[in-house]
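One structure below.
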Amino acid sequence: MSPPRLRFAPSPTGFFHVGSGRTALWNWLIARQQGGQFVLRIEDTDLERNREEWVDGIRVAMRWLGLDWDEEYRQSQRAALYGDAMLRLHADGHAYYCDCTRADVDGRNVAALGPGAENRGYDRHCRVRGLTPGAGRPLRFATPRDGITIVHDIIRGEPSFDHGEIEDFVIARGDGSAMFILANVVDDVDMGITHVVRGEEHLSNTPKGILLWQALAPDVALPVWAHVPVLVNAQRKKLSKRRDKVALEDYRAMGILPDAMRNYLVLLGWSPGGDREILTVDEMTELFRLEAVVTSPAFFDMVKLAHMNGEYLRALSIEEFVEVATPYLPAGASAQVDVFPKMAPFVQERLRLLTDLPNQVDFLYNDPYAWEDAIASCKAPVEMLDGVLAALAALPGATGTEVVPQAGTGTVHSPTVVVGPALNIATESATTGWSAAEIRVAVETVGAANGLKLAKAQGAVRVAITGRTIGPPLFEAMEVLGRAECERRLRLARARLGTA
RNA sequence: GGCCCCAUCGUCUAGUGGCCUAGGACAUCACCCUCUCAAGGUGGAGGCACGGGUUCGAAUCCCGUUGGGGCUGCCA
């Protein structure tokens, strides 16, 4: 058996859709798994709605997902092929020209069948009139009156359609340009497509495509179809570019990793069986089966995507994490490029979306803000700040002069995170006593003096330093921030509390 | 309206006649761990749409009902 040829045929009428991403991925998986070819075909026959930037958006999105393609075509450059097909179909009697308006057809339908017959479809009025081609005359396919067409579908089984239900549909517009159904079939024949994997919304029109294929290329074997379930929103409606947030680009912008997106997408309507969820590209390429795709629509769940993204984020090495996270750092961070790597190990395990990064680390680059509300929930803020200020001043190295951090080879004080030498954490601890461990003891001691356990005692200090009640580990953050800056913030906060 | 497709926890799914007192993951609740928050661990709650068949036996097969979706365009 010769290798399969699959195609992904998007139309550039908007941002690249997550559903398109899944369809492209599944097509690509089958092609790669079976040593076949994967064709990208831009279906830009609707000049009204196409835009060049969307075409490029398709390529960018596919590359982002890690999908490559062996051939690329633009339908807008293949009009001659479609014109030729129209001529042959007309000459063979498979198609005829028509000059009816919608109003003509509706009027005749109502006259013949009574009120309410407006949407009965075309009444074949022009089928026997022998009209010649002409401006404004669309070409209609002469659908056989009797018989049925069966769609052999890997996912759906063998749905059958009665020809009596299929009207003489338009295959070319009055201006001579090809409609989707014609261009689609001509290209599938021409490109030797063997597997058509596409959205379920195309299932109802597939018999038209089969009829066309048989009229156009009776000697060429039909492809096998696989109509994949649609993706729906919370209201269970098909995801729409207009009302739903579906652009792949949006997810990329919020810091979804391509590996996480691909893993989430492959699982929307398919499962490798058992309890497996996290899959590498190689694993999904080996395991994916169209036969195992489910038949019912799937809801695109941002919450689960975010969770999966968190898993991928945590699986990164520190170096990789710093690299992907850096573009998401808050304003002001670019001036202090050495700061974030020191905190990275502590925020990595706390993130799901990279756009949450500023919430975690903005205090490193900016003064705390809006801390009044936060400090209100803290225990004994005045006592804690006064006490901690004094305790920190008693730490070795506090000579009243500003301590200048120096590059060194210190370690990060975390029991669970091992930091590679590449990070080159610059701590002052070796010579000055300014380390997370020592700061912790100082806060703990002051807290004890005020009858507070560390969990409560650290509250006011955390708010003074970071402006928030939650965030990455406080003592490590203070070590990174440095003695001078921490004392400045503590005094500032203490002053704002007044003379209570 | 007509035609076609679909129906397992809130969500994504495992399940292809007995292994199911239906498994996993996300979300949710409780507890543990813990400097806050996460992460991690343990446990809980939560589902085969309904009604008929077939069968010794049905989430799994058949029919019907209900519900949802898609198509029905000189859009794709």
Side-chain angles (χ1 to χ4, degrees), chain A residues 9-13 43-46 48-50 98 101-102 116-121 136-140 151 153 155-157 159-162 164-167 169-175 177 179-181 183-184 198-208 227 229-230 232 234-238 264 267-278 294-308 310-311 314 346-352 359-360 378 416 436 439-440 443-444 447 453-459 461-463 466 468-476:
Chain A
S11 57
T13 55
E43 305 220 326
D44 52 352
T45 55
D46 182 1
E48 295 287 307
R49 302 198 304 159
N50 295 329
C98 169
T101 64
R102 186 74 238 174
E118 284 86 355
N119 293 318
R120 280 310 191 80
R137 290 181 178 173
L139 220 212
R140 287 184 182 274
V151 179
D153 192 295
I155 298 171
R156 312 268 150 194
S160 72
F161 298 82
D162 196 321
E165 300 290 344
I166 304 172
E167 68 172 338
F169 52 97
V170 173
I171 57 177
R173 301 184 182 87
D175 66 4
S177 64
M179 291 285 288
F180 157 78
I181 191 78
N184 195 263
R198 45 147 55 152
E200 188 193 349
E201 65 269 25
H202 292 290
L203 181 57
S204 295
N205 286 324
T206 301
K208 296 177 186 173
H227 285 97
V230 294
V232 297
Q235 285 72 239
R236 293 262 133 198
K237 300 277 191 210
K238 184 174 76 161
Y264 179 69
L267 256 20
L268 267 187
W270 172 76
S271 156
D275 300 336
R276 283 239 262 167
E277 281 203 332
I278 300 295
V294 303
T295 46
S296 48
F299 170 66
F300 187 89
D301 186 1
M302 184 59 219
V303 177
K304 181 148 185 174
L305 205 211
H307 170 267
M308 192 165 275
E311 286 198 51
R314 272 175 260 128
F346 307 110
V347 302
Q348 180 177 13
E349 60 195 274
R350 292 173 165 74
L351 281 180
R352 294 150 83 86
N359 288 334
Q360 294 275 338
C378 297
T416 55
I439 297 166
R440 176 192 169 117
V443 174
E444 210 162 18
K453 289 185 176 176
L454 189 54
K456 298 292 186 186
Q458 58 91 40
V461 182
R462 177 180 293 280
V463 171
T466 73
R468 301 171 194 273
T469 55
I470 61 173
L474 176 61
F475 309 124
E476 283 77 2

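Per chain, numbering begins at 1; letters A, B, ... match sequence-line order. Side chains included, hydrogens not; waters and symmetry mates left out as well; all remaining heavy atoms used.
- A/Ala457 and A/Gly447 get closest at one heavy-atom pair: CB-CA, 3.7 Å.
- Minimum interatomic distance between A/Arg468 and A/Asn359 (heavy atoms only, all atoms of both residues): NE-O, 3.3 Å.
- With both ends at atom P, the span from B/U36 to B/C31 equals 15 Å, rounded to whole Å.
- Taking the P atoms as reference points, B/G46 lies 14 Å from B/C9, given to the whole Å.
- Side-chain atoms of A/Arg173 lie closest to B/C75 of the nucleotides B/C35, B/C3, B/C75.
- Nucleic acid contact class of A/Lys238 (heavy atoms, under 4.0 Å, all strands): sugar-phosphate only.
- Here A/Phe299 lies in heavy-atom contact (under 4.0 Å) with sugar-phosphate atoms only.
- Below the 3.5 angstrom threshold, one finds no donor paired with an acceptor across the side chain of A/Glu167 and the base of B/C3.
- Distance, A/Phe169 CZ to B/C71 P: 17 Å, rounded to whole Å.
- No side-chain donor-acceptor contact under 3.5 Å links A/Ser271 to the backbone of A/Leu267.
- Note on A/Ser160: only backbone sugar-phosphate atoms sit closer than 4.0 angstrom, heavy atoms only; bases stay farther off.
- Taking the P atom of each, B/A76 and B/U16 are spaced 43 Å apart, rounded to whole Å.
- Judged by distance alone, with hydrogens and angles left aside, the side-chain atoms of A/Gln458 form a donor-acceptor pair with the main-chain N or O of A/Ala455 at under 3.5 Å.
- Not one side-chain nitrogen or oxygen of A/Arg314 sits closer than 4.0 Å to the OP1 or OP2 atom of B/A38.
- In this structure, B/C48 makes no Watson-Crick or G-U wobble pair, since no nucleotide meets both defining distances under 3.5 angstrom.
- Residue A/His227 is out of contact with every strand shown, counting any heavy-atom pair closer than 4.0 Å.
- Base contact: A/Pro138 has a heavy atom under 4.0 Å from a base atom.
- At the heavy-atom level, A/Pro10 lies nowhere under 4.0 Å from the strands shown.
- Candidate nucleotides B/C37, B/C74, B/A76 were compared by shortest atom distance to the side chain of A/Ile470, and B/C37 ranks first.
- If you measure from atom CE of A/Met179 to atom P of B/G73, you get 10 Å, rounded to the nearest angstrom.
- Atom pair A/His202:NE2 and B/G70:C1' shows a separation of 11 Å (rounding to whole Å applied).
- Evaluation of the salt bridge (charged side-chain N to carboxylate O under 4.0 Å, His left out) rule for A/Arg198 yields no partner, not counting sequence neighbours.
- Listed here is the closest heavy atom pair of A/Phe299 and A/Tyr264: O-OH, 3.8 Å.
- Side chain of A/Asn205, nearest nucleotide from B/U36, B/C6, B/A76: B/A76.
- A distance of 9.5 Å separates CG in A/Leu268 from NZ in A/Lys304, rounded to the nearest 0.5 Å.
- We find that CD of A/Glu200 is positioned 12 Å from P of B/G69, with the value rounded to whole Å.
- In this structure, A/Phe161 atom CZ and B/G2 atom P are separated by 17 Å, rounded to whole Å.
- Atom-to-atom, CG of A/Leu268 to C1' of B/C6 comes out at 17 Å; the value is rounded to the nearest Å.
- As judged by a 4.0 angstrom heavy-atom cut-off over every strand, A/Val443 is placed among residues making no nucleic acid contact.
- Across B/U36, B/C4, B/U13, the shortest atom-to-atom separation from the side chain of A/Arg350 is found for B/U36.
- The partner of B/C56, taking Watson-Crick or G-U wobble pairs whose two distances both stay under 3.5 Å, is B/G18.
- Remark: A/Phe180 CZ to A/Thr45 OG1 distance equals 8.5 Å, nearest 0.5 Å.
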**Request:** Walk me through it: do A/Arg140 and A/Val170 pass the test side chain to side chain contact (heavy atoms under 4.5 Å, CB included)?
**Result:** CA-CA 4 Å; A/Arg140 287 184 182 274; A/Val170 173; 3.7 Å; yes
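- For B/A7, one of the phosphate oxygens OP1 or OP2 lies less than 4.0 angstrom from a side-chain nitrogen or oxygen of A/Thr295.
- Heavy atoms of A/Gly269 sit under 4.0 angstrom from primed sugar atoms or phosphate atoms, though from no base atom.
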Would you tabulate the nitrogen or oxygen pairs shorter than 3.5 Å linking the protein to nucleotides 44-48 of chain B?
none

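- A donor and an acceptor atom sit less than 3.5 Å apart, one in the side chain of A/Arg462 and one in the base of B/C35.
- Rounded to whole angstrom, the span from the CE atom of A/Met308 across to the P atom of B/A39 amounts to 15 Å.
- Using modelled atom types, no side-chain atom of A/Asn50 and backbone atom of A/Ser11 make a donor-acceptor pair closer than 3.5 Å.
- Distance from the side chain of A/Glu476 is smallest to B/C35 among B/C75, B/U36, B/C35.
- Counting atom types as modelled, A/Arg156 pairs no side-chain N or O with a base atom of B/C5 as donor and acceptor under 3.5 Å.
- Here, B/G24 and B/C20 have their C1' atoms 14 Å apart, quoted to the whole Å.
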**Complete:** With B for base contact, S for sugar-phosphate-only contact and - for none (protein heavy atoms under 4.0 Å), nucleotides 19-32 of chain B reads -----BBSS-----
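- When all heavy atoms of A/Arg352 and A/Ala306 are compared, the closest pair comes out as CB-O, 3.7 Å.
- Remark: the A/Arg440 side chain and the B/C35 base include no donor-acceptor N/O pair separated by less than 3.5 Å.
- The base of B/U11 lies outside donor-acceptor range of the side chain of A/Arg236, with no N or O pair under 3.5 Å.
- B/G15 and B/C61 have their P atoms separated by 13 Å, with the value rounded to a whole Å.
- Within the nucleic acid shown, A/Tyr264 has no heavy atom closer than 4.0 Å to any nucleic acid atom.
- Separation of the C1' atoms belonging to B/A58 and B/A22 is 13 Å when rounded to the nearest angstrom.
- Protein atom NZ of A/Lys208 is 12 Å distant from nucleotide atom C1' of B/A76, rounded to whole Å.
- Comparing B/G1 with B/G47, their P atoms sit 33 Å apart, to the nearest whole Å.
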**Message:** Please evaluate residues A/Leu203 and A/His227 with respect to the criterion side chain to side chain contact (heavy atoms under 4.5 Å, CB included), reporting the C-alpha separation (whole Å), side-chain torsions for both, the decisive distance (0.1 Å), and the verdict.
**Reply:** CA-CA 6 Å; A/Leu203 181 57; A/His227 285 97; 3.5 Å; yes
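- If you check B/C35 for Watson-Crick or wobble pairing at under 3.5 angstrom, you find it has no partner at all.
- Among the heavy atoms of the strands, none lies under 4.0 Å from A/Thr13.
- Regarding contacts with the backbone of B/C5, every side-chain N or O of A/Ser204 stays at 4.0 angstrom or more from both OP1 and OP2.
- Base contact: A/Gly174 has a heavy atom under 4.0 Å from a base atom.
- Nucleic acid contact for A/Arg468: none, since no nucleic acid atom lies under 4.0 Å from a heavy atom of the residue.
- Residues A/Thr469 and A/Arg462 approach most closely at O-CD, 3.2 Å, considering heavy atoms.
- If you check the side chains of A/Ser177 and A/Arg173, you find a donor sitting under 3.5 Å from an acceptor.
- Across B/G2 and B/C63, the matching C1' atoms stand 22 Å from one another, rounded to whole Å.
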